[in-house]
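Some notes on the structure that comes next.
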Number of protein chains: 2
Amino acid sequence: MLSISLASPVPIHDQIVAGLRRLIATGTLTEGDELPPVRQLAADLGINFNTVARAYRELTDMGLILSARGRGTVVISATERPSGRPAEERRRIESTIAGALADARLAGFSPDEVRSMVDRQVQALWKP
Amino acid sequence: MLSISLASPVPIHDQIVAGLRRLIATGTLTEGDELPPVRQLAADLGINFNTVARAYRELTDMGLILSARGRGTVVISATERPSGRPAEERRRIESTIAGALADARLAGFSPDEVRSMVDRQVQALWKP
DNA sequence: TGACAATGTATCAATGAGTGATACTATATG
DNA sequence: CATATAGTATCACTCATTGATACATTGTCA
């Protein structure tokens, strides 16, 4: 449900943030849902709980979750206020996709394979 | 033609590798083309030339370019031998795309917008 | 041919982000 | 009220990234 890669160059806390944002984006997590305690999630992932705490703090700053001592952490919003201007956001996303597609081409995937791959994911994401 | 972000968590040499791979994948750079000297590209990007040298070395290990002292660096292949097993490669690419799509959804893009965005890029990438 | 310029390579040092260990504070619950 | 559970704060360590410097190889031109 939430996996990380210790080998990846992207920091673990960033991976956790991205993963949870994705779960929220897909509706797997919605307003009111509780997140696991930092120590438990850390144990599940095999990392230090401070790293999870940091991820929770960043998600808190984004206004997606709310943490309180002793009470735990809950999702408070399923829609995030875009941080940058839409045009910038679009460029950022296009750039990420472009990178992935270039990888796919170098790896020998065909355009149809890629398109169907994307289609399946789009349907899954925007389904509800 | 090749831009990097010092603020990004992903290392500069990785960004350079990704950028050049992308230029090769798109055909902007093809077999026989010369890459700028490490010192020049480093100056253009405002970074240390060792960082560029490291990127060149990694691309050399991938079999995409060839460097020689005094002579410079040239592109020797437009197709890369996949390093990992196809299944892993596929999972990696799918995961990258999934992240980008989740971002897109959180940013408020519609499925159609995303699909057309991808379509345009796929056509551009696989055009030749 | 010889001197010099241009290019990539090797090695080591410094910096800093990420991660982890530890102690602390607040809330819930019996 | 006592204890367990949860998040927070602070500090130290490690390691990758980056940069500085010196070196080796090839090209060029007088």
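Since the model is a prediction, treat every value here as computed from it, not as a measurement. Chain identifiers are assigned alphabetically (A, B, ...) following the order of the sequence lines, protein sequences preceding nucleic acid strands; residue numbering begins at 1 within each chain.
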(request) Using whole Å, report how far CG of L6(B) lies from C1' of dG16(C). (result) 14 Å
(message) With a 3.5 Å cut-off and heavy atoms only, can you find an N or O donor on one side and an acceptor on the other between the side chain of D14(B) and the base of dA16(D)?
(response) no
(message) Assuming nearest nucleotide by heavy-atom distance, tell me which of P11(A) and R69(B) is located more 5' along DNA chain C.
(response) R69(B)
(message) Closest-nucleotide mapping onto DNA chain D: is N50(A) or A68(B) further toward the 5' terminus? I mean the 5' end.
(response) N50(A)
(request) Establish, with yes or no, whether the OP1 or OP2 oxygen of dG8(C) is under 4.0 angstrom from a side-chain nitrogen or oxygen of T73(B). (result) yes
(message) Looking at Y56(B), is its backbone amide N or carbonyl O close enough to the side chain of T60(B) to form a donor-acceptor pair, meaning the two atoms are under 3.5 Å apart?
(response) yes
(message) Taking the side chain as everything from C-beta on, heavy atoms only, tell me whether H13(A) gets closer than 4.5 Å to R57(A).
(response) no
(message) Looking only at the side chain of S67(B) (C-beta and beyond, no hydrogens), which of the listed nucleotides dT19(C), dG8(C), dT18(D) gets closest?
(response) dG8(C)
(request) Between dA20(D), dT26(D), dA6(D), spot the one nearest the side chain of R71(B), thanks. (result) dT26(D)
(message) Among dG18(C), dG7(D), dA20(D), which nucleotide has an atom closest to any side-chain atom of Y56(A)?
(response) dG7(D)
(message) Let me spell it out: for each of R57(A) and R39(B), pick the nucleotide of DNA chain D with the closest heavy atom. Which residue's pick is nearer the 5' end?
(response) R57(A)
(request) Would you mind reading off the distance between F49(A) atom CZ and dA21(C) atom P, rounded to a whole angstrom? (result) 9 Å
(message) Within this structure, what is the CG-CG distance for the pair L35(B) and L2(B), rounded to the nearest 0.5 Å?
(response) 9.5 Å
(request) Determine yes or no for a side-chain-to-main-chain donor-acceptor pair under 3.5 angstrom, with Q15(A) supplying the side chain and V10(A) the backbone. (result) yes
(request) When you get a sec, tell me which of dG20(C), dA20(D), dA6(D) is the closest nucleotide to the side chain of P37(A)? (result) dA6(D)
(message) Please confirm whether the shortest side-chain N or O distance from T51(A) to OP1 or OP2 of dG20(C) is below 4.0 Å.
(response) yes
